[in-house]
Amino acid sequence: MPNQRRKNGIIKADPKPVGFSNPPDHAIFNPFSGVVLDDGEGDRLARTLGSKKALILQNHGLLAAGPTVEAVAWWFLAMDNAAHTQLLAQAAGPLKLIAPDIAKLTAGQVGSAEGAYYSFQPLWDWIVALEPDLFD
């Protein structure tokens, strides 16, 4: 998974992750300690997540949480896409970060659960159209 070794998570170099950035709406879960086999590990995950939208499970993957399945699905996809985009941008050279005021404005426009819900709808419509027997 991209960015798993980063200490700071997703950087505001691309408009897509700003919903995770102002204030930081994701956390790094470190160290990843393997398969969750006891309640203590789940409690530690929950404490680290807190009220945030997502966790980067260092050296493992991503986890997203939210009030609706649609919002969680969108945030997970957006965070994964942001991680990939960030790695590509870093490979090309120094990052040019989004100005803090623009990142804050954009986060206010697209960072809400309602915004994530509606952002997911076209993907859901495409999935249902592609798989008409999905609910059979």
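Since the model is a prediction, treat every value here as computed from it, not as a measurement.
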- [ ] Could you tell me whether the side chain of Leu62 reaches within less than 4.5 Å of the side chain of Leu57, counting heavy atoms only?
- [x] no

TODO: Start with the C-alpha gap between His26 and Ile56, add the side-chain angles, then the distance that decides, and say whether side-chain contact (heavy atoms from CB on, under 4.5 Å) holds.
DONE: CA-CA 7 Å; His26 67 286; Ile56 297 174; 3.9 Å; yes

Task: Separation between OG1 of Thr48 and CG of Asp43, rounded to the nearest 0.5 Å - done: 10.5 Å

Open item on the list: Please say yes or no: joined through hydrophobic side-chain contacts below 4.5 Å, possibly via intermediate residues, are Phe135 and Val69 part of one cluster?
Closed with: no

- [ ] Kindly give the heavy-atom pair with the smallest separation between Pro67 and Trp75, and that separation in Å.
- [x] CD-CZ3, 4.1 Å

Task: Closest contact, heavy atoms only, Leu49 versus Ala65 - done: CD2-CB, 3.5 Å

- [ ] Measure the spacing between CG of Leu130 and CG of Asp125 and express it to the nearest 0.5 Å.
- [x] 12.5 Å

TODO: Indicate the atoms forming the closest heavy-atom contact of Trp74 with Ala116, along with that distance.
DONE: CB-O, 3.5 Å

Open item on the list: So Leu77 and Leu123, do their side chains get closer than 4.5 Å, heavy atoms only?
Closed with: yes

Task: Phe120 CZ to Thr68 OG1 distance, which is reported to the nearest 0.5 Å - done: 9.0 Å

Open item on the list: Testing the basics here: between Ala129 and Pro132, what is the closest heavy-atom pair and its distance to 0.1 Å?
Closed with: O-CD, 3.7 Å

TODO: Could you grab the distance from atom CG of Leu45 to atom CG of Asp39, nearest 0.5 Å is fine?
DONE: 11.5 Å

Task: Check: Gly111 main-chain N/O paired with Lys53 side-chain donor or acceptor under 3.5 Å - done: yes

Task: More than 12 heavy atoms from other groups under 6.0 Å of CD on Glu114 - done: no

Task: CZ on Phe29 to NE2 on His60, rounded to 0.5 Å - done: 10.0 Å

Open item on the list: To check you understand the geometry: which heavy-atom pair defines the closest contact between Gly115 and Ser112, and what is its length?
Closed with: N-OG, 2.9 Å

TODO: Determine the minimum heavy-atom distance between Leu95 and Ala89, stating which atoms define it.
DONE: CD2-CB, 3.4 Å

TODO: Determine, using the 4.5 Å side-chain heavy-atom cutoff (strictly less than), whether Met79 and Ile28 are members of one ILVMFWY cluster.
DONE: yes

